Amino acid sequence: MAIYLKTVKKNDSKRKYLLVGGGLILLLLIVLFGAALLGAERLPLFDLSEQQRTILFDIRLPRILLGAAVGASLAVAGAGLQSLLRNPLAEPYLLGVSNGAALGTMLAFVFFQSFEWSRPLLAFAGAGLATVAVYRMARSRTGMNVERLVLSGVIVTTFLSSVIVMLTTLLDVAKLRSFTFWLLGDLSQSTMNGVYISFGAMLIGTLVLASQAKALNLMMVGERDAFDFGVEVGRVRLLVFGSASLVVGAAVAASGSVGYVGLIVPHLVRLTVGSDNRLVVPLSAITGAIFVIFADTIARTAIAPRELPVGAITALVGAPLFIYLLRRK
Amino acid sequence: MLEVRDISVGYDERTVLSGVTFDLREGEIIALLGANGAGKTTLIRALNGTLPLVNGEILLTSRRISEMSRREIAGQVAVVAQENETRFPVTVLEFVLSGRYVHGGALGWETERDLEFARNALRDCDLDGFEDRLMNHLSGGERQRVVLARALAAGSMTLLLDEPTANLDLSHQAMMFRLVRKRCAECGCSAIVITHDLNLAAEFADEIVMLKAGKITAQGSPAEVLTAENIRNTFGVDVLLDRHPVSGNVRVTSVF
C-alpha cells in the first residue's frame, strides 16, 4: 500500500456544492423578492398601504411560499425516482404519481370535505398506490427498460384521468372551473395551512432522499451492482417511493398536478454539477423552488388581470425537453 | 477464506447448482470454467449472498454468509459483474468511488483514503487520466476496466469476477489477470474468475473448477484438470494439449 500514498488532489465536490448551492440560494431570494412585488397590482418596495399589505401577506406570500414548497417537492421526487429507476425520464407527473395523488385529493374533496387533513392524506395514499402500480407494471423478468416504464406511466395516468373525469360529474358547475384549473396545476387557491403541510412534507421528503443519496448513486448504475456493493436495495426502494409519494401527495393536494418540474429541474442540475445525488437532491430542491415561483409569476402576470394555471407554463417548457431526452438515448 | 459446502441453488423448480463443494484459500485464484448455462454466474451470485441456498452452506472467514448483513458481505466480497450501462452522466471517478460505499457512513463525502483507493485502482487498471471522463462515453473494454477498478477500490479481500476479460483486448486481458495475481500475492486477497479462455486459466489460476449442468466435473491444479478427457466431457470438443513454450504450463488448442 506504500506506493498508494501519493499526494491526492482535494475532492472538489464539496466546493462545487457550496458554490452552486450558495448561488442558487441567492437566486431564490431574488426570485422570492421579485415575485412578491410583481403581479396584477405592482407593489412598491416601501410604504405599503393597508390594501397592499393584505395583497402581500394574505394572497401573494402564501402563494409564493406554496410555489416554493411544491417546486422543491416535485423536483426532489423526480431526482429520487430517476436514480432509483435508472431512468432520466421518470417524473411524478409522467409516471401517474401526480394523478394518483389528484384522485386521492378529489375523493377526499367529494366524500370527506369536513376533515381538512383528508386531502393530503388521501393524496399521499393515491400517490403511493400509483407508484407501486407503475413499478409493478414496468418490471419484468429481464429488468426494466426505459420505454416500458414510460408506457406504464402513460397507462396509469390515462386510467386515473378517466376516473377523475367521472368524479367531476359529481361536482356542480361553479366548482368545475376551479377544478379544471387545479388539475392542470394551480397555485391560486393557496392558504397558509396548505403552505405548512407542503413545507413539512417537502422537508421530510428531501431529508430522507438526501440521506439515501449515496445508495442512489449506486442504484442509478444498476440495482444488482448496488446490492453487490452493500446497498440494502429493498429498504432504499421503500424509502424513495415513500418519500416521493409523501412530497408529491402534499404538493398535489395543495396545487394540483404541476407537470414536468421533476423532469426539467434535475436535468438542469445534472448538467451543471454532474450526477452525484448528494449534490443533485438538495440542489434540485432549491432549483425546483426557483423554477415554480418563476413560472407562477409568469402565470400571474402574462395576461393579467387574468391568470394561467402554472402547470400550463411548466408543461410548455417540459414537453419539448422530454422529447429531446427520449431521442438522445 | 471462503468455504463452499455442498451447496444447491435453484430458481423456482429448476435446480441450477447441486452438490458444489470447494475452498478458496488466502492468496489463491480459482478459475471457474464451463459451457454457457453451466451455472457459473449463478455460483458467483450465490457466493456473495444474492441467491438463497436450497441446500448446504457458504462460510466467509468462518461465518455463515446467510447470517451476515448486506454490508458485512459487501465489505469482504467485491463483484465484477457482466455489462452494465447507465444513462446518467457519471464520471469514472464517481463510479469507482461508489465502490467504497460500505466504508463510509450513509451520509457525507469520501475521505482522502477513499480517494487514494480509487485513484490507485484506476492507475492499476491502466486508466490514468480517465477520472473525469463520462462512463457512457467509454468503449466497452474501457468500461470493463473501470468496473474492475471499482471492485479493486472497494479493498475487499475476496474478488468474484464474472468474465472480466470479455470485452478486453489481448494486452488488457493479460493485464487483468496479472493485476488480480498481484493483488492476491501482495495482500492475501483471493479471487474466483469465470473465464472462457482455458489458456489464461492455465497461466494464472492456482486451481480450476469445471462445471457442467450445475455439477462439478473436475477440480484441482490446471495440470490435473485440463486434460483432453475433462475438456471433452465438459465442453464437448476435442483439443490438443502441449506445453506453453515460455511458461511451461498446459496449453490447450481446439481441434476443428
Side-chain angles (χ1 to χ4, degrees), chain A residues 1-14 17 79 82-83 85-90 141 145-146 207 210-236 266-267 270-271 273-280 325 328-329, chain B residues 45 48-50 69-75 77-91 93-95 97-121 123-124 131-132 134-136 147 150-151 154-156 160 186-187:
Chain A
M1 293 290 149
I3 38 162
Y4 287 177
L5 294 165
K6 216 185 150 194
T7 49
V8 178
K9 195 170 70 184
K10 199 102 185 127
N11 187 3
D12 61 352
S13 276
K14 268 181 276 184
Y17 186 41
Q82 282 155 19
S83 300
L85 300 168
R86 294 176 297 290
N87 188 339
L89 297 179
R141 281 184 71 107
N145 72 23
V146 174
L207 286 176
S211 75
Q212 300 305 307
K214 263 177 129 175
L216 284 172
N217 284 348
L218 272 159
M219 296 280 284
M220 103 186 141
V221 173
E223 210 165 273
R224 192 177 259 185
D225 285 45
F227 189 86
D228 288 344
F229 282 92
V231 176
E232 289 180 48
V233 172
R235 195 175 56 102
V236 175
H267 180 71
R270 281 195 200 98
L271 275 181
V273 299
S275 300
D276 187 340
N277 281 300
R278 289 170 298 185
L279 298 168
V280 171
L325 288 176
R328 197 188 54 168
K329 282 270 168 188
Chain B
R45 302 240 68 94
N48 96 323
T50 311
S69 74
R70 207 48 250 147
R71 270 186 106 83
E72 285 176 319
I73 296 174
V77 181
V79 181
V80 175
Q82 290 172 26
E83 200 52 49
N84 58 37
E85 218 173 323
T86 178
R87 291 167 59 101
F88 294 98
V90 179
T91 66
L93 183 63
E94 283 170 345
F95 187 90
L97 279 172
S98 72
R100 303 282 305 164
Y101 179 73
V102 291
H103 298 282
L107 299 167
W109 305 97
E110 282 81 15
T111 60
E112 294 289 309
R113 189 177 152 80
D114 291 330
L115 275 167
E116 268 169 45
F117 270 85
R119 294 220 162 91
N120 293 317
R123 191 173 320 122
D124 281 347
E131 277 186 19
D132 297 323
L134 292 178
M135 282 301 282
N136 40 7
V147 175
R150 180 178 62 173
S156 307
L160 304 176
E186 274 177 4
C187 59

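Worth knowing before you read on, the calculation uses all heavy atoms, side chains too, and leaves out hydrogens, waters and symmetry mates. In what follows, chains are A, B, ... by sequence order, proteins preceding strands, each numbered from 1. Computed from a prediction, not measured in an experiment: that's the story for all the values here.
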Are B:Glu110 and A:Arg278 ion-paired here, with the side-chain N under 4.0 Å from a carboxylate O?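 Yes, B:Glu110 and A:Arg278 are salt-bridged.
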So, do [X] and [Y] sit near enough that their side-chain heavy atoms are less than 4.5 Å apart?
| X | Y | answer |
| --- | --- | --- |
| A:Asp228 | B:Arg45 | yes |
| A:Leu218 | B:Arg150 | yes |
| A:Phe229 | B:Arg100 | no |

Nearest heavy-atom approach of A:Arg270 to B:Pro89 is CD-CD, 4.3 Å
Can you name the closest pair of heavy atoms from A:Gly230 and B:Val102 and give their distance?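 Nearest pair, atom of A:Gly230 first, then B:Val102: CA-CG1, 3.9 Å.
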Between atom [atom1] of [X] and atom [atom2] of [Y], what is the distance when rounded to the nearest 0.5 Å?
| X | Y | atom1 | atom2 | answer |
| --- | --- | --- | --- | --- |
| A:Asn217 | B:Tyr101 | CG | OH | 10.0 Å |
| B:Phe88 | A:Asn277 | CZ | CG | 8.0 Å |
| B:Leu134 | A:Ser275 | CG | OG | 8.0 Å |
| B:Ser98 | A:Met220 | OG | CE | 8.5 Å |

Where does A:Val231 contact chain B at under 4.5 Å (heavy atoms): side chain, backbone, both or neither? both
Cation over ring face, B:Arg70 and A:Phe227, 6.0 Å, 45°: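 Output yes; distance and angle both within limits.
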